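Structure first, then comments.
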Amino acid sequence: GFSRLSDALHDNDLGLILDFVPNHMGIGHADNNWWLDVLEWGQKSPYAQAFDIAWDALPYRRLPGVLLPILGQPYGEALQAGEIVLKYDAANGSFAAWYFEHKLPINPQRYSEIIRALVTTAHAESEPAGQQLIALAHEHRNPSTPSYRDAVTLKQRIAGIDGAAAIIERGLTSYRSDSPEGAASLHRLLERQNYRLAYWRVAFAAVNYRRFFDINDLAGLRVEKPAIFRGIHPLVARLIAEGKLHGLRLDHIDGLRDPAQYARRLRRFVTKARGG
């Protein structure tokens with residue numbers, strides 16, 4: 001559709017101006033890979049530098065993390081109501097908690113304890129797939145494993161065990177909040193993540209990441225960092241190089257840490273993309 005529009009504009013000697021927002025990006029839900037990686041790995045994520053996060057600002061918590069004010073009611077009530085659910089993605093061997101449409105990745109360094117609990121609950125210790133899962137959990141029993149780099153391999157190995165998905169699905173009842181034990185297990189797991197779930201009303205006082213005004217699902221970007229600048233402009237560069245984009249209208253540039261620096265860098269960027 002965009003290609004047809006671009007061709008029609010070209011045929012009629014018209015250009016296209018893109019409304020571009022360098023100051024922030026949409027987060028939450030399940031479709032921002034940068035943000036999801038930060039939730040999964042915290043400060044170890046290479047994308048953590050993209051956001052302004054006060055990691056040590058969470059109250060009543062030993063571990064640093066991001067406050068996520070996405071709950072429609074206080075955390076304890078949401079947990080007891082079964083609104084937070086631990087799920088397994090069999091396609092890529094990963095675990096995530098879900099709050100309705102919000103995906104909350106589980107740090108792979110907690111997979112070992114999850115797998116052991118699931119196999120035990122499923123009574124699958126004597127099954128071949130259960131034994132392979134237990135062996136894999138034992139291999140990663142050190143809470144500092146896997147590393148960020150090795151986590152992809154761990155997920156692939158879990159997904160590659162024939163029969164593992166059925167065992168995991170049976171065992172997930174151990175994290176269901178319809179029982180006091182399940183709710184407690186899920187709570188302990190969530191307390192060990194790189195985020196803390198909270199009632200949306202606490203955002204006004206306790207949120208610890210820079211937002212666009214007070215909109216929780218628009219997180220500010222550190223565009224002053226060269227790597228972040230390069231990371232948010234590849235599509236713009238391609239469209240300019242292909243002759244499909246002829247201007248940029250910058251929205252909310254006043255929200256940047258250094259608007260003048262951004263404008264100078266953008267001018268050089270556009271010149272290079274045009275082959276100049």
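Just so you know, these numbers use all the heavy atoms, side chains as well, and skip hydrogens, waters and symmetry mates. Counting begins at 1 with the first residue of the sequence. Just so it is clear, the model here is predicted, and its values are computed rather than measured.
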Cationic N near anionic O, under 4.0 Å, E40 to K155: yes

Decide yes or no on side chain to side chain contact (heavy atoms under 4.5 Å, CB included) for L189 and L86, but give the supporting numbers first. CA-CA 10 Å; L189 179 64; L86 181 65; 4.0 Å; yes

Can a donor-acceptor pair be found, under 3.5 Å and without considering hydrogens, that links the side chain of E101 to the backbone of H29? no

Rounded distance (nearest 0.5 Å) linking atom CD of E139 with atom CG of L154: 8.5 Å

Is the shortest distance from a Lys or Arg side-chain nitrogen in E113 or R110 to a carboxylate oxygen in the other one below 4.0 Å? yes

CA sep, side-chain torsions, deciding dist, call: F2, L16, side chain to side chain contact (heavy atoms under 4.5 Å, CB included): CA-CA 11 Å; F2 177 79; L16 180 67; 3.5 Å; yes

About how many Å separate CG of N92 and CD1 of I158, when rounded to the nearest 0.5 Å? 10.0 Å

Side chain to side chain contact (heavy atoms under 4.5 Å, CB included), that's the test. Do H24 and L221 meet it? Break it down for me. CA-CA 5 Å; H24 52 265; L221 287 169; 5.5 Å; no

Any side-chain donor paired with an acceptor under 3.5 Å for T153 and R157? no

Around atom CG of N33, are there more than 12 heavy atoms from other residues, nucleotides or ligands closer than 6.0 Å? no

W35 ring center within less than 6.0 Å of Y47 ring center: no

Atom pair CZ/CG of R264 and L266 - distance to nearest 0.5 Å: 12.0 Å

How far does CG of L248 sit from CZ of R267, to the nearest 0.5 angstrom? 11.5 Å

I'd like to know if K87 and D89 make a salt bridge, using a cut-off of under 4.0 Å between side-chain N and carboxylate O. no

Looking at G42, is its backbone amide N or carbonyl O close enough to the side chain of S45 to form a donor-acceptor pair, meaning the two atoms are under 3.5 Å apart? no

Pair D150-S147, side-chain donor/acceptor within less than 3.5 Å: yes

Taking atom OH of Y175 and atom CG of L186, what is their separation to the nearest 0.5 Å? 8.5 Å

Among T121, L118, L133, which residue satisfies the side-chain contact (heavy atoms from CB on, under 4.5 Å) criterion with I167? L133

Looking at Q43 and W55, would you say the former's side chain and the latter's main chain have a donor-acceptor pair under 3.5 Å? no

R230 side chain near F269 side chain, heavy-atom distance below 4.5 Å: no

Between R116 and S112, is a side-chain hydrogen bond (donor to acceptor under 3.5 Å, both in side chains) present by the stated rule, with each step listed? CA-CA 6 Å; R116 289 196 301 269; S112 176; 2.6 Å; yes

Give the ring-plane orientation class for Y148 versus W41, where under 30° counts as parallel, over 60° as perpendicular and anything between as tilted. perpendicular

I'd like to know whether NE2 of H246 has more than 12 heavy-atom contacts from other residues, nucleotides or ligands below 6.0 angstrom. yes

Less than 4.5 Å apart, side chain to side chain, heavy atoms only: is that true for E224 and L256? no

Would one find more than 12 heavy atoms of other residues, nucleotides or ligands at under 6.0 Å from atom CG of D11? yes

No-hydrogen, no-angle side-chain donor-acceptor test under 3.5 Å, R211 and N216: yes

Tell me if a side-chain donor or acceptor on N12 pairs with a main-chain N or O of L14 at a distance below 3.5 Å. no

Would you indicate whether the side-chain heavy atoms of E169 and L172 approach each other to under 4.5 Å? yes

Output all residues satisfying salt bridge (Lys or Arg N to Asp or Glu O under 4.0 Å) with R265, sequence neighbours left out; order by chain, then residue number. none

Could you tell me if the side chain of L68 sits less than 4.5 Å from the side chain of L104, heavy atoms only? yes

Ring centers of F212, H252 separated by less than 6.0 Å: yes

Are any of the side-chain nitrogens in E127 or R170 under 4.0 Å away from the carboxylate oxygens of its partner? yes

Once the angle between the rings of F95 and Y88 is folded into 0 to 90°, is it parallel (under 30°), tilted (30 to 60°) or perpendicular (over 60°)? tilted

Does the plane of the ring in Y75 sit parallel, tilted or perpendicular to the ring in H187? Use 30° and 60° as the thresholds. tilted

Could you give the distance from CD1 (I53) to OH (Y195), rounded to the nearest 0.5 Å? 14.0 Å

Pairs satisfying salt bridge (charged side-chain N to carboxylate O under 4.0 Å, His left out), at least one member in residues 231-240, at least two apart: R238-E242

Has the side chain of T145 got a donor or acceptor atom that lies under 3.5 Å from a matching backbone atom of N142? yes

Side chain to side chain contact (heavy atoms under 4.5 Å, CB included) evaluation trace for Q49 with I228: CA-CA 8 Å; Q49 63 172 331; I228 306 308; 3.9 Å; yes

If we ignore hydrogens and angles and just use 3.5 Å, is the side chain of H140 paired with the main-chain N or O of P146 as donor and acceptor? no

